[in-house]
Peer 1: 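First, the structure itself, so that you have it in front of you.
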Amino acid sequence: MTYAKNNKMRKLLILVTVVIVAVLMFSVILTPEQIVLAGYLTDSDLPTDLASYDYWYFGESEDYQYDLEAMKTAISSWGLPEDSTNFEPVLIGVIDTGINTSHPLIQKVLYKPLKIAEADGTPIPEQQQTTVTIGYNVVGDSTAIEDVSSDRHGTHVAGIIATMIVELGLEDFIKIVPIRAVDTSNSFTVGNIVSAINWACGDNNAQTILGKPLVCDVVNLSLGILNSTIGSSSSWNNRALLIDALDVHSATTNFVASAGNNSADSAQDLFYPAAIENVVSVMSYNTAGGLFSSSNYGNYDLVAPGQNIYSASSGSSYVLKTGTSMASPFVTFGAALLRLRYDMSSQQATFGGNPTARQIAKMLRTHSTQTIEVNGTEETYNLKVFDLDQLAVLDFSLENFDIGYADPTKLTVTYADNSQVIQYMDSRVPIDFSVSISPTDEYNPIIEEEIVWWVETLYTETEPFEIGTGTNCTLPIDLIGGDYNIYATLTYQNKTLTSNKQAVSIKYLAPNFEKIKIAPVSKILDYNGNGRDVPSYIGYTTVLSLTDIEYVDQTVEINWYVNDVLMGTGAVFNFTPTEKGTYNITAKYDGHNIYYDFVLETTAAPISFWLDALIAMLIALAVFGYIFLEVSVHRVGLNGELENSVVAKVNKILDTFENKQVKLKSRNQKKAKKEALENKVEKTEAKAASRFEEKHVMNCPKCAAYVKFRGNFGKCPYCGTRVDIEDTEK
C-alpha cells in the first residue's frame with residue numbers, strides 16, 4: 001500500500017516536471033529572439049509583488065523592451081533637485097473609471113498637496129492644514145473617486161504609469177490625478193468626458209483650496225468608441241463638443257488616447273477620441289513584437305506594449321490585462337517624462353527653451369525610427385514603435401528634429417464678408433471662402449500650399465469634386481441648382497485633416513410656360529418659328545430642346561411626343577423620321593404642356609444634300625490624310641522638300657474638292673433660277689387667261705410662252721415679242 005502510494009507520488013512529480021519543462025520550452029518557442037523574459041523591477045520603493053514579477057516589456061537592449069537602467073542613468077544627468085519640497089510636480093490626469101486609492105502602489109503617486117482653505121474659500125489655520133488627495137468625479141459626488149468597476153480598469157491604467165514613476169524614482173516629480181468619468185451604468189459619454197477634460201485643464205476650484213491653479217500637464221484617455229458602432233441616440237454623435245474641448249486645451253496639455261480593440265483599419269472605420277488630431281493615439285503590440293491581433297491600426301500615431309501588462313487591481317492585488325488601454329499609459333508616461341526633462345534648466349539650454357505642449361506631442365510622434373509593418377485593407381502601414389528609452393536621451397534640438405513648427409490640428413473654413421450663400425440661377429455671383437489652420441502661428445506656412453478645396457453635392461450619389469488649392473477659394477458661378485457643402489482638406493504626415501463644411505444653396509427659377517417653346521438646338525437662343533422652316537429628311541436626325549429653360553430645373557422629367565405618341569424623355573430630343581409625312585411634336589415639362597404647334601414636314605433628301613454630305617466626308621478624309629502624312633513625314637525623318645511636296649499635294653486635293661463644290665453650287669443655283677422662271681411663266685399664263693378673253697392661243701416663237709390674241713395680233717406677256725397670227729400659221 002505504501003509502495004503504491006509512493007509510486008503514485010513519483011508519477012505525479014514526474015508529470016509536474018514534464019509540464020514545467022514543456023511550458024518553458026513552449027515559452028522559448030513562442031518568444032521571439034528579440035524578446036527575453038528577464039525584466040525585473042529593482043527600485044526599493046516598489047511593492048514586493050510588483051518587483052518580483054518578470055516583465056517581458058522591460059529589458060536591457062532589445063528592440064521591443066525598455067531599458068530602465070539606462071533611463072535611470074539618463075535621468076540622473078538632468079539636474080533634478082535633491083529637495084523636492086517646493087517643486088511643482090508634473091501632473092498626469094487619468095480620465096477613467098476611478099482609482100483604488102488604498103492600493104500600496106497607487107498611494108505612492110497620488111497628488112496630495114497642502115489644503116489651505118475650504119471649498120467656500122474659508123482659510124484653514126496653518127497649524128491645522130493637512131494634505132488632501134486631489135481627484136474628481138464628474139457624476140454625483142465630486143469626491144467619490146474610488147474605482148468600483150468590475151475590472152478595475154482605471155486602477156490598472158493608473159498602475160502602469162505608477163509602476164514607471166516608482167521604478168525610476170520619480171515619485172516626488174510626477175503625480176497622478178484620478179478623474180472618474182463613468183455614469184451609473186459604468187459607461188463613458190461625450191458630456192462626461194468633456195466635463196472631465198475641462199476640470200483637468202483648469203476648470204476647477206483648486207485655486208481656492210490649494211492657493212494655486214490645477215492644470216494637468218498630460219491626460220490619459222484609455223477609452224473610446226468605434227465610429228460604426230455609434231447609434232443614432234448615442235452621445236458620441238455630438239463629437240464636436242469633444243473636438244472643441246481638445247482643441248482649446250491642447251495648447252497647454254498633452255492628450256494621449258488608446259486606439260481601440262476592434263481589429264479595425266482606420267481607412268475603413270475610425271476610433272474616437274484617438275482619431276482626433278489633437279490626440280496622440282496609441283495602438284498595441286504583442287509579446288512577439290508584432291501588432292496585437294485585436295488592436296485597431298492604420299493612421300494612428302504610435303504602437304506600444306499592450307499584451308499581458310501587469311498592474312494594480314482591487315485591494316492590494318495585481319493582474320494581467322491586454323489591450324490598447326494598457327498601451328496608452330506608456331506613452332502618457334513618456335509625455336510626462338518629457339515635461340519633467342524640459343523643466344530642468346540644463347535641458348532647456350540644450351533644446352533652446354521650454355517646448356510647448358504641441359512640440360512635445362511632435363517629439364512623441366517623431367522620435368522613433370523603429371516600425372512594425374502591417375498590411376491594411378487598402379495600403380501597407382509602417383507603425384511607429386514607441387521608444388521610451390529614447391525620450392530620455394535624444395537631442396530634440398531644431399537641428400535634429402523638425403519640431404520648430406507644431407503639427408496642424410484643425411482646419412476652419414469661413415465665408416468671406418457679405419457672401420450670398422443662397423442664390424438664384426439667373427443671378428449667381430462668386431462666393432469667396434478662406435481657411436485657417438490651428439494652431440495659429442505655430443504651423444509651418446509651407447503646408448498652406450497643400451490645402452485642397454472640395455464641393456460636395458448634397459442628396460446625390462456623386463463624388464465631391466476639387467475646385468482649388470491654398471488658403472483661399474472662390475466658388476465658381478457655373479454650378480447648377482442644388483444644395484452644396486464646401487470644405488477643405490490637408491494631408492500631412494499620412495494624416496488627413498478635414499475642415500468644417502459651409503453650406504451654399506443655388507435655387508432654380510420657376511418655369512414660365514408662356515415663354516418656353518420647342519426649338520432646334522442649333523438655334524435655341526433666337527428661334528421663333530414653328531418648325532415648318534426646319535429641313536427634315538428621311539433618316540436625318542433633328543435635335544430639339546426647349547427655349548428659356550436655362551435657369552429652371554432640367555432634371556425634372558421632360559416628355560416628348562410625336563403625333564401624340566411618347567417618343568423620348570430628357571432636356572434634348574433626337575428625332576429621326578423614317579418616312580415622308582407631317583410630324584407634330586409636343587413636349588411636357590413636369591406634366592405641363594409646352595408648345596403645341598411644332599411641325600416637321602419630312603421629305604426624301606435631295607441629291608444635293610447627299611452630295612454635300614459626300615463632299616464633307618471627302619474633305620474630312622483629306623484632312624485626316626494630311627495629318628497622317630504630316631506625322632509620317634516627321635516620324636521617318638524625310639527632308640523638307642518631300643514634306644513640302646506632300647503638303648502641296650494635299651492642298652491641291654483640298655482645292656479640287658473646293659472647286660467642285662463651287663461648281664456644284666453654281667449648277668444648283670442655275671437650276672433653281674430656271675425652276676423659278678418656269679413657275680413665273682405659269683403664273684403669268686394663269687393670270688392672263690383670267691384677265692383676257694381668248695380667241696387664239698399660240699406659242700411665242702422666242703420664249704415658247706403662251707400668247708393670247710385679240711384679233712390677228714398678240715403680245716407675249718413674258719418677253720414682249722409681237723406675234724402676228726399669220727406668221728404663226730406659216
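Because only heavy atoms are used, hydrogens play no part in the values below, and waters and symmetry mates are left out as well, while side chains stay in.
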Peer 1: Shortest non-hydrogen contact from Leu394 to Arg341?
Peer 2: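 Between these two residues, the closest heavy atoms are O-NH2, 2.7 Å.
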
Peer 1: Which of these passes side chain to side chain contact (heavy atoms under 4.5 Å, CB included) with Ser250: Thr356, Val279, Asn278?
Peer 2: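 When side chain to side chain contact (heavy atoms under 4.5 Å, CB included) is applied between Ser250 and each of Thr356, Val279, Asn278, only Asn278 qualifies.
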
Peer 1: Can you tell whether the side chains of Asp217 and Arg339 come within less than 4.0 Å, N to carboxylate O?
Peer 2: yes

Peer 1: Any idea which heavy atoms bring Ser438 and Asp247 closest together, and the distance?
Peer 2: CB-OD1, 4.2 Å

Peer 1: Does some side-chain heavy atom of Val177 sit less than 4.5 Å from a side-chain heavy atom of Ile92?
Peer 2: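 No, too far: nothing below the 4.5 Å cut-off.
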
Peer 1: Side-chain contact test, heavy atoms from C-beta onward, threshold under 4.5 Å: evaluate it for Ile174 versus Phe333 and give yes or no.
Peer 2: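 They are in side-chain contact.
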
Peer 1: Is Lys410 paired with Asp244 through a side-chain N to carboxylate O contact shorter than 4.0 Å?
Peer 2: yes

Peer 1: For Tyr53, which residues count as a side-chain contact (heavy atoms from CB on, under 4.5 Å) partner, sequence neighbours excluded?
Peer 2: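 Once residues adjacent in sequence are excluded, the partners of Tyr53 under the side-chain contact (heavy atoms from CB on, under 4.5 Å) criterion are Tyr55, Tyr310, Leu320.
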
Peer 1: Does any part of the side chain of Val166, heavy atoms only, come nearer than 4.5 Å to the side chain of Lys108, both counted from C-beta?
Peer 2: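 Yes. Closest side-chain heavy atoms under 4.5 Å.
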
Peer 1: Using 4.0 Å as the upper bound for N to carboxylate O, is an ion pair formed by Asp407 and Arg365?
Peer 2: yes

Peer 1: Of the non-hydrogen atoms in Ser284 and Ser295, which two are nearest, and what is the gap between them?
Peer 2: N-OG, 3.2 Å

Peer 1: Tell me, do Val303 and Val282 make a side-chain contact under 4.5 Å, heavy atoms counted?
Peer 2: no

